[in-house]
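Just so we're clear, the structure is a prediction, and the values are computed from it rather than from any experiment. Note on naming: letters A, B, ... go to the chains in the order of the sequence lines (proteins, then strands), and numbering restarts at 1 for each one. Atom set for the values below is all heavy atoms of this structure, side chains included, hydrogens, waters and symmetry mates excluded.
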Protein chains: 2
Amino acid sequence: MTTPLNERRIANAIRVLAMDAVQQANSGHPGAPMGMADIADVVWREFLNHNPTNPQWANRDRFVLSNGHGSMLHYALLHLSGYDLSIEDLKQFRQLHSKTPGHPELGYAPGIETTTGPLGQGIANAIGFALAERTLAAQFNKDDLKVVDHYTYCFLGDGCLMEGISHEVCSLAGTLGLGKLIAYYDDNGISIDGEVEGWFSDDTEQRFKAYGWQVLRVDGHDTDAIRQATVEAKAQTAQPTIIICKTIIGLGSPNKQGKEDCHGAPLGTDEIKLTREALGWEEEAFVIPKDVYSAWNAKDKGQAAESAWNDVFAQYQAKYPSEAAELLRRVQGDLPAEFLAQADAFIAETNAKAETIATRKASQNTLQAFGPLLPELLGGSADLAGSNLTLWKGCEGVQDNPAGNYVYYGVREFGMTAIANGVALHGGFIPYVATFLMFMEYARNAVRMSALMKQRVIHVYTHDSIGLGEDGPTHQPIEQIASLRGTPNLNTWRPADTVETAIAWKSALERKDGPTALILSRQNLPFQSRSEAQIQDAAKGGYVLAQEKGELKAIIIATGSEISVAMDAYVQLEGVRVVSMPCAEEFMKQDAAYRESVLPSQIRARVAVEAAHVDYWWKFVGLDGKVIGMTTYGESAPAKDLFKHFGITSDAVVEAVKSLTA
Amino acid sequence: MTTPLNERRIANAIRVLAMDAVQQANSGHPGAPMGMADIADVVWREFLNHNPTNPQWANRDRFVLSNGHGSMLHYALLHLSGYDLSIEDLKQFRQLHSKTPGHPELGYAPGIETTTGPLGQGIANAIGFALAERTLAAQFNKDDLKVVDHYTYCFLGDGCLMEGISHEVCSLAGTLGLGKLIAYYDDNGISIDGEVEGWFSDDTEQRFKAYGWQVLRVDGHDTDAIRQATVEAKAQTAQPTIIICKTIIGLGSPNKQGKEDCHGAPLGTDEIKLTREALGWEEEAFVIPKDVYSAWNAKDKGQAAESAWNDVFAQYQAKYPSEAAELLRRVQGDLPAEFLAQADAFIAETNAKAETIATRKASQNTLQAFGPLLPELLGGSADLAGSNLTLWKGCEGVQDNPAGNYVYYGVREFGMTAIANGVALHGGFIPYVATFLMFMEYARNAVRMSALMKQRVIHVYTHDSIGLGEDGPTHQPIEQIASLRGTPNLNTWRPADTVETAIAWKSALERKDGPTALILSRQNLPFQSRSEAQIQDAAKGGYVLAQEKGELKAIIIATGSEISVAMDAYVQLEGVRVVSMPCAEEFMKQDAAYRESVLPSQIRARVAVEAAHVDYWWKFVGLDGKVIGMTTYGESAPAKDLFKHFGITSDAVVEAVKSLTA
């Protein structure tokens, strides 16, 4: 540290805003903003290419605060730089309906690129941004005109680096050589439990060299060193760079800096007074001197930058009009105009073919049909391409071709999913990622984050039940589908055959404001006949697949592989209808009249059958109904033996219906 | 590789058993067993200290196959070494009710120490074994008598090393210096998608050196080198060792070795024939020559080893009778004889105190009372000790004192939980581990594994709802409690106050055959008065907390922080009872008469209230009931504002009851 603390007025603006806002909220994390203020000063004022007046400018550099609890750092930066985030907004830190929630949340403050807080996922998102940038650039840039050309900057802390996901994604980023990613590690030696040496003694430099990164080390309070390192990082385009910044947490607080006390609690009014003195900061809380505002203000510079890019893009439009239109379409997230009609044609064709195949295979067939129409698809699997069936003939790995459309993610479910979130957030792509349904659990919180952030990420989960057979209970999902269905803003489709699978994919692709999970079978599932009207209704998530013979007395509800079980029971029964419910969430969004037409309220003899945990279905069958499904773990055996062993059979359904209608 | 393949008859016994059993099952993974056969030959015949006649011998070396899909390797080893696993059992590989399921499952074949298959968790379990061994040794060994003294051997593959959890646990193992852990990395360069170089290019040697491990490299088919490396590994007692073994997957299969084709599918009868030729193996499938059996048989050596240890233990018993008795008690997993009475006394005392505190604080108070009684507790938190309140006054970190009883796990939820599974499996400890309920999701599959394996692991989850306030939606659980409740064999307790918290802890500790999740509030919860009979009934998981005034017309069901909401509604209503349901799983295990006494079936006016996803509760309120809870994500704001904002209030409960009884 060369400059005395009280001469760092620019950076100190962050320190005081952070400590004052946390104090006002009586909750929050002052330590990281105060410790990283000097790094932020250099990165934001000297390097970050952004336009506060237009946070959505497509070619902006992306900035991710992976240590999201330091949110006041980001809010202070946005406010000072000239984003539409007022000092009043900062005063409302952590209050209901404010633009400044406790962690950076997408859609609240302008300029927040992703929601962070769950540690390690921010750096994963950042890697997704960098991957999206490189891929989009390779797909669209011309030798003479680079319309996609930005960096991704990420701040992260010890917590991010302890989390396993940091290994998954940084290892992959190294393999992919994502050279336009620059990470700043806030190496302050402190986590919530105290000095990290007792539980975190990695040689992080060596670790990241093992991943193939460029590793630089600086004093995180030496602005010259940070500047020099950032220049080196930008110059190295073949490798991602991590700059290990030795910092003092809470720098400026005479009694709390360098200690865990300042990590996650207000400093207190006395300490704030002392900190003001140490910083030589004379203004009241939330007052920033004019010259400091000026020094931070990035509006003119940002407008100029965007304007220069607009010129480049105008040239691109003139020279490559169709590419330009396509790029705009993709960045806006619109599907090609003709896609929906083409998708419907494929569904009709699929219906005509009437194939009995596994829904994972039906999914691949759908990808084969839709893939050529949708260059925005960026697929992938966690080392299960041949099992998830996520490759189609037009797939090219980005490992081999930077303009490709498929990522071999390796055995990294969580990293894959969080990277896909970053790809979706970046824009220009619809990512789909795949693993076995069971190992969704490894990725679970990133699935949730895709839903919380309303991102169009398509989660493909095959091997969806005991129907996977011999791999046994560690691989056989029981409670997983219910967990997905309970996730707000996630659509979970479990299609019964080829037609429902194609419908599910179409729904997932059309859905611009949230993710979809596709739950697919390993084993073959019998094709079900449907009328044109039923095909229309299937898109509503629940519909009558088989109409009752005679007066309606009972309803069987099923999904996926159990539709054929239900249909086998159906033919043995009178007055019973079969409701296929591939997506209960979509069904619940339909109007009451439609729902009533499918599930008339007065019919209480209801049997649900699904090779998954029974508890989800009480919602639909009530206290008088029955659910045939799983309440225990599975076993290792051929699938047929297992369905019999666990009593998920048409006989059991028939018996249950009879017991309710007797 | 020095010895020609056809002269490796001992190791080849594994190769043929693996390929033949997979062929017979028409499903499975021959590649890893065939590739690791030479390593297994050295480790099992020359180093592993075990007794096939008594797989439960307390001081045996532990062996973990972290790449669990190679299960036939382990089954072959157990069979050949003389465990009670017959050739007929091997023929039943992957069949229903066999002892040889697709992945190694605890409780099926003798000698399986942990269930593996979910990648990366085996090495985490192994680290748990090594941690348990070191801690138990430090607590019980005497300078002259070492009664706890064994190694932990772990095989693992590329998949394990790509998974993030491998980072979490190997980093911690390095920091802890677990010198008696020896890992063999099957570095075959192949994963399911093909040659790993396109997605996994880590310098694993450098990576593990960064963690502080001893790293050795060998040709995994050179038995002399493997032997020498193992000797070096055993000699290094201050660091864990990883031996990077360069191997050829499926070695012996002329056309498939070294390729992904042999990873996860039968070789096929033609290739098996060619492999037999290449191996110089003339016997039919499942026939092992007598001399090969003799070479493998470890029964005499194992009996001698156990017998020698028995002598040591007899001396220990003579010299340190109380320590010996205590060690036996702990290894058997029995609670101290006086514990239950002491626990009941504490519950009575807690009831008398009638404190209104957060249940996380009530949990700490319970730990403070129970901790001194239970030296088998091995606690920990993922860097949230001060928030989860998992430290009590007698806690000492194993980082500082190897005989300690607390692990500062760092920000490693998944690793922590899987390590705790290993600790529980080892015996001698009851591990409890903690994080915020939301970040249970990071650990989710290890929580499931603790339930699948029926291990007494206590999962402490605080900050259980929107009641945590300002940290916002990334930290506010919605669907997480339902996910835990749906997990077979997991008990999920969400206590309402100090008394229910103490009861929950007691239940968790008494439960020998499965894990418990304790769901605790950040915020204070009002104490509820209870009779002695109600305290008894609370242990049943659900009971009438407030009896109806007049004839019963409606039931309010609540848990945790919403009990006070329900009670506030209760006082405004007639003919309504409040059912507290801290553990629905325990309640469902009660007999029908008790359940009926709490929730009479004819009462259909039922309102459930819980600040969590509504869907779980339809099971209890049915189609005619109402659920007051969450269906969306939370927000960042003070807790009080949030309960009002999301309508989880006594007014809403009153209104709901009135609407149902009107």
Side-chain angles (χ1 to χ4, degrees), chain A residues 27 94-96 101-103 117-119 159 162-165 167-168 171 175 191-193 198-203 206-207 210-211 383-385 399 408 410-412 414 441-442 444-445 452 470-474 479 482-483 486-488 613 615 618-619 622-623 632-633 635-637 641 645, chain B residues 27 94-96 101-103 117-119 159 162-165 167-168 171 175 191-193 198-203 206-207 210-211 383-385 399 408 410-412 414 441-442 444-445 452 470-474 479 482-483 486-488 613 615 618-619 622-623 632-633 635-637 641 645:
Chain A
S27 144
R94 296 185 153 233
Q95 304 308 305
L96 194 59
H103 289 83
L119 293 173
M162 281 186 257
E163 290 288 3
I165 188 174
H167 166 61
E168 297 182 6
S171 166
T175 301
S191 65
I192 295 178
D193 279 353
W199 46 89
F200 182 50
S201 58
D202 289 3
D203 180 335
Q206 197 172 21
R207 175 185 168 202
Y211 297 152
D383 199 44
L384 289 169
Q399 277 89 343
Y408 290 92
V411 188
R412 303 181 177 99
F414 194 9
E441 294 199 340
Y442 277 50
R444 165 67 205 170
N445 196 255
L452 176 60
E470 292 87 345
D471 275 342
T474 55
E479 68 276 32
S483 158
T487 306
H613 200 289
D615 272 359
W618 302 112
K619 175 176 179 176
L623 300 175
T632 66
Y633 294 106
E635 293 286 353
S636 169
D641 297 348
H645 177 71
Chain B
S27 143
R94 296 185 152 233
Q95 304 308 305
L96 195 59
H103 290 82
L119 293 172
M162 281 186 255
E163 290 289 2
I165 187 174
H167 167 61
E168 297 182 6
S171 166
T175 301
S191 64
I192 296 178
D193 279 353
W199 46 89
F200 182 50
S201 58
D202 289 4
D203 180 336
Q206 196 172 22
R207 174 186 167 200
Y211 296 153
D383 199 45
L384 288 169
Q399 277 89 342
Y408 290 92
V411 189
R412 303 181 177 99
F414 193 9
E441 294 199 341
Y442 276 51
R444 165 67 205 169
N445 196 255
L452 177 59
E470 293 87 345
D471 275 341
T474 56
E479 68 275 32
S483 158
T487 306
H613 201 287
D615 271 358
W618 302 113
K619 176 177 179 176
L623 300 175
T632 67
Y633 294 106
E635 293 286 352
S636 169
D641 298 348
H645 176 71

Among [options], which residue has the highest count of heavy-atom pairs closer than 4.5 Å to chain B?
options: A:W618, A:F200, A:Y408, A:W199; answer: A:W199
options: A:L384, A:T632, A:T175; answer: A:T175
options: A:S191, A:G117, A:S483, A:G472; answer: A:S191
options: A:G622, A:S171, A:P488; answer: A:P488

Check: [Y] and [X] side chains under 4.5 Å, non-hydrogen atoms:
X: B:Y211; Y: A:D202; answer: yes
X: B:L623; Y: A:L623; answer: no
X: B:E168; Y: A:E163; answer: yes

Legend entry - Proximity breakdown for A:A482 and chain B, heavy-atom pairs closer than 4.5 Å: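 Nothing of A:A482, per the 4.5 Å heavy-atom cut-off to chain B.
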Inset, instruction - Heavy-atom distances under 4.5 Å only: say whether A:Q399 touches chain B with side chain, backbone, both or neither. - result: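 It is the side chain, since no backbone atom gets that close.
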Legend entry - For the student: nearest non-hydrogen atoms of A:G159 and B:V411, plus distance: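 So the two residues come closest at CA-CG2, 3.8 Å.
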Just so I understand: if I count every heavy-atom pair under 4.5 Å between each of [options] and chain A, which residue has the most?
options: B:R207, B:E479, B:R412, B:E635; value: B:E479
options: B:D641, B:D615, B:D471; value: B:D471
options: B:H167, B:H645, B:Q95; value: B:H167

Measure the [atom1]-[atom2] distance between [X] and [Y] for me, rounded to the nearest 0.5 Å.
X: A:S636; Y: B:H103; atom1: OG; atom2: NE2; result: 9.0 Å
X: B:F414; Y: A:F414; atom1: CZ; atom2: CZ; result: 10.0 Å
X: A:R444; Y: B:E441; atom1: CZ; atom2: CD; result: 4.0 Å

Do [X] side-chain atoms and [Y] backbone N/O form a donor-acceptor pair below 3.5 Å?
X: B:Y442; Y: A:I165; value: no
X: A:D383; Y: B:D193; value: yes
X: B:H613; Y: A:G486; value: yes

Legend entry - Atom group of B:S27 that falls short of 4.5 Å from chain A, counting heavy atoms: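 Just its side chain gets close to chain A.
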